[in-house]
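A, B, ... follow the sequence lines: proteins, then strands. Residue 1 opens every chain. For clarity, every value in this text was computed on a predicted model and none was experimentally measured.
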There are 2 protein chains.
Amino acid sequence: MTETTPQRRPRHKRPPTIHDVAAHAGVSRGTVSRVLQGGHNVSPASQEAVNAAIRKLGYVVNRAARSLVTQRAGSVAFLLSETQDRFFADPNFTTLLRGCTQALAEHDIPLVLITAGTEAERRRITPFLSGHHVDGVLLISSHRGSPMVEHLRRAELPFVCCGKPLGQRGKVSYVAADDHEGAKDMVRYMLESGRRRVATIAGPQDSPGGVERLAGYREVLAEHGLAPDDRLVAIGDYSWASGESCMHELLTRAPDLDAVFVASDLMAGGALAAIERTGRSVPGDIAVGGFDDSPVASTARPPLTTMRQPWDRISETMVRQLLAQIDGEGPATVILPTELVVRESS
Amino acid sequence: MTETTPQRRPRHKRPPTIHDVAAHAGVSRGTVSRVLQGGHNVSPASQEAVNAAIRKLGYVVNRAARSLVTQRAGSVAFLLSETQDRFFADPNFTTLLRGCTQALAEHDIPLVLITAGTEAERRRITPFLSGHHVDGVLLISSHRGSPMVEHLRRAELPFVCCGKPLGQRGKVSYVAADDHEGAKDMVRYMLESGRRRVATIAGPQDSPGGVERLAGYREVLAEHGLAPDDRLVAIGDYSWASGESCMHELLTRAPDLDAVFVASDLMAGGALAAIERTGRSVPGDIAVGGFDDSPVASTARPPLTTMRQPWDRISETMVRQLLAQIDGEGPATVILPTELVVRESS
DNA sequence: CTGAAAGCGCTTACAG
DNA sequence: CTGAAAGCGCTTACAG
């Protein structure tokens with residue numbers, strides 16, 4: 001490089017490049033790059049010299065330059081295919097976001113947060129995705145037939161879903177808690193502690209948790225020789241308010257119920273409020289079991305007995321799966337067990 | 001480009017570049033780039049041809065290549081200088097994250113989520129920041145003397161804080177709600193509705209909200225000729241549990257109190273539980289006022305009267321300020337008014 | 001208004 | 001094990 005060519009910015013203001021490191025270490029830029037890539041085929045002496053120069057100069061790789069040649073963005077998206085309201089109100093999503101951020105940080109991969117709850121938003125992010133501005137996507141969506149799955153396939157972008165994506169054909173990677181077994185464990189626990197009229201507030205029937213947890217509930221009742229009774233079943237939308245109104249409904253239809261399995265802690269919170277208003281006690285008159293073990297479970301009055309979802313393992317596994325897929329591996333499904341957490345409500 | 005040189009990947013599998021667009025439109029790559037930059041100094045005819053080619057080919061700009069030459073990352077970080085637990089438990093942070101994501105999306109700028117709650121995490125992200133892998137930082141931290149401020153300054157990275165950063169010298173951009181006036185409005189409201197023994201549960205005294213809201217409380221009491229009384233003041237840490245224990249403490253020290261201004265809704269939730277346990281009623285015996293208008297405010301029993309923080313405006317303003325700084329503008333301070341939301345607890 | 005050309009900072013065959 | 005060189009896909013003075 002001839003020093004007669006003026007730099008765009010004065011050199012001393014620009015961060016050091018491999019060129020500077022190479023000059024300092026007395027090697028070529030290629031060698032510096034090899035050290036950066038893990039030091040294969042580099043003599044210990046060169047390696048040493050390069051590392052010293054890197055420390056000395058405070059060199060940090062320019063990700064844009066690297067991306068340009070490797071054709072990899074070096075980042076991953078956390079994509080919310082939900083209306084923002086819905087997402088940010090649900091403590092589970094927050095827990096998941098936290099877990100994924102953490103898991104990715106361990107791989108030094110930045111997480112890009114993207115929302116795509118509306119058609120307009122989806123249009124806006126399409127170029128971003130199909131331009132491969134991220135290497136892969138952690139897809140968070142709880143609704144049947146999310147349009148994002150098709151988008152991502154077309155963009156040939158690796159992705160893994162949180163929870164089984166309903167209404168999709170073909171192989172889709174996903175990681176999920178064992179909703180079915182979890183529900184069974186909870187309802188069994190209630191029956192075994194002497195309850196006889198167990199109702200349920202299920203989640204939306206276009207979400208996997210909504211369907212699976214309800215199925216588990218029904219199975220255990222049948223196992224115990226109890227006849228199915230539609231008066232004992234209400235369908236909510238995972239919100240606090242829906243838990244409240246569903247509980248009200250159940251109590252009207254089946255005033256003799258002595259337990260209720262609620263498919264989310266948030267709805268269980270609403271159910272508790274509805275029960276309290278009728279003057280009944282929990283767990284004295286009615287046992288209440290939640291699902292999630294979200295923060296509201298322990299602050300609820302009384303504290304909720306609930307099924308813990310293994311969020312840490314879910315997020316770690318999602319990240320691991322995604323990175324594997326980015327490296328060319330095929331899709332996979334992982335189901336993780338839930339755990340009964342006994343507090344006071346049941 | 002001689003076609004004898006083999007491509008690394010077959011051309012048909014690679015996304016189109018400006019080269020392809022240029023060929024299609026019958027212009028040079030420079031012209032294509034000019035159209036991409038807004039179309040200045042480009043004839044309408046060329047403009048038209050280029051746009052048609054872009055649509056036809058489904059061209060999407062390669063951000064890495066652009067970054068490399070413009071020396072801009074094209075993304076912004078949302079940096080949590082808090083332990084993750086703390087952050088993700090607080091609904092305010094979530095609301096803020098949501099607002100910032102939205103505001104940035106409108107500028108087509110990806111948000112990179114980064115946590116730096118521990119020293120180890122801070123070390124890990126330092127190269128990322130000093131390598132300018134983002135153009136600026138939205139800094140979320142509520143503690144005095146956050147080390148991140150110094151880090152960011154040294155990295156010469158534009159940043160704007162959420163809330164006044166305590167214990168910092170020199171100019172720092174920040175956007176905050178008017179904690180002081182907000183607290184005064186709430187306490188005035190309580191006094192004007194006939195309360196005489198107004199207590200407070202303040203936030204941590206190393207956070208701006210903790211300090212300012214307590215100061216506002218004291219001022220209004222003085223305004224009304226009421227003598228300061230330390231038995232009426234407790235200091236919490238914004239958590240539900242601390243609200244509960246602080247309330248218990250206040251009730252022990254000053255059983256005759258008839259109102260309490262709590263510096264966060266989460267703490268107010270805990271306070272309600274503590275009050276309920278003593279058999280007192282809200283607002284009959286004790287009026288409770290919160291701060292934030294977070295989701296818990298409306299689900300609390302009874303629903304909380306609170307001061308609404310203008311989160312949407314805060315996030316929009318933070319983003320606007322940050323983008324301005326990235327474009328070379330100087331630092332600024334913005335204080336936004338809060339609003340009294342009357343529900344049932346006071 | 002336009003094209004040719006340099007250059008952003010890396011990685012990676014290639015030839016030794 | 002190492003260096004020289006090509007190339008990743010853009011932007012932007014520069015000269016017309």
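Taken together, the paired segments of DNA chain C that extend over three or more consecutive Watson-Crick or G-U pairs, each closer than 3.5 Å at both contacts, are C:1-3 with D:14-16, C:5-12 with D:5-12, C:14-16 with D:1-3.
Residues A:Y174 and A:G163 share a closest heavy-atom pair of CB-O, 3.6 Å. The two atoms that bring B:L157 and B:V134 nearest to each other are CD1-O, 3.5 Å, heavy atoms only. Contact between B:G170 and B:R153 at its shortest, heavy atoms only, is C-NH2, 3.6 Å. Counting all heavy atoms, side chain and backbone alike, A:F128 lies closest to B:P110 at CE1-CG, 3.5 Å.
Distance check, rounded to the nearest 0.5 Å: OG1 of B:T101 to CG of A:L80 gives 8.0 Å.
The side chain of A:T17 contributes no N or O atom lying less than 4.0 Å from OP1 or OP2 of C:dG9. Taking 4.0 angstrom as the limit, A:S46 places a side-chain polar atom (N or O) nearer than this to OP1 or OP2 of D:dT2. Taking side-chain N and O atoms only, B:R14 has a distance below 4.0 Å to OP1 or OP2 of D:dG9.
Mapping A:P44 and B:G30 onto DNA chain D by nearest heavy atom places A:P44 closer to the 5' end of the strand. Between B:L68 and B:T31, the residue whose closest nucleotide on DNA chain D is further toward the 5' end is B:L68.
Residue-level contact check: A:R29 touches the bases, meaning some heavy atom is under 4.0 Å from a base atom. Backbone-only contact: A:N62 has heavy atoms under 4.0 Å from sugar-phosphate atoms and none from a base. No contact: B:S67 has no heavy atom under 4.0 Å from any strand. Among the heavy atoms of the strands, none lies under 4.0 Å from B:V32. Here B:S43 lies in heavy-atom contact (under 4.0 Å) with sugar-phosphate atoms only.
The base of D:dG3 lies close enough to the side chain of A:R34 for a donor and an acceptor atom to sit less than 3.5 Å apart.
The CZ atom of B:R72 sits 24 Å away from the P atom of D:dG9 (whole-angstrom rounding). Taking atom NE2 on B:H19 and atom P on C:dG3, their separation rounds to 13 Å, with Å as the unit. As a whole-Å value, the separation of B:R63 CZ from D:dT11 C1' is 16 Å. A:I18 has its CD1 atom 15 Å from the P atom of D:dA5, to the nearest Å. Nucleotide D:dC1 holds its P atom 16 Å from the CD atom of A:E48, rounded to whole Å. Distance B:H132 NE2 to C:dG9 P: 13 Å, rounded to the nearest Å. Taking atom NE2 of residue A:H40 and atom P of nucleotide C:dA13, one finds them 14 Å apart after rounding to whole Å. Residue A:D20 contributes atom CG, which lies 11 Å from atom P of C:dC8 at whole-angstrom precision.
C:dT12 sits 16 Å from C:dG16 when the C1' atoms are compared, rounded to a whole Å.
With distances taken from any side-chain atom of B:V27 to the nucleotides D:dC10, D:dG7, C:dG3, the minimum falls on C:dG3. Comparing C:dG9, D:dG3, D:dT12 by their nearest atom to the side chain of B:T70 picks out D:dT12. Closest approach to the A:A65 side chain among C:dC10, D:dT2, D:dC10 is made by C:dC10 (side chain taken as heavy atoms from C-beta onward).
Side-chain contact check for A:I125 versus A:H151: every heavy-atom pair is 4.5 Å or farther apart.
Residues B:T115 and B:E121 bring a donor and an acceptor atom of their side chains to less than 3.5 Å of each other. Side-chain contact of A:Q325 with A:S173: a donor-acceptor pair under 3.5 Å is present, judged by distance alone.
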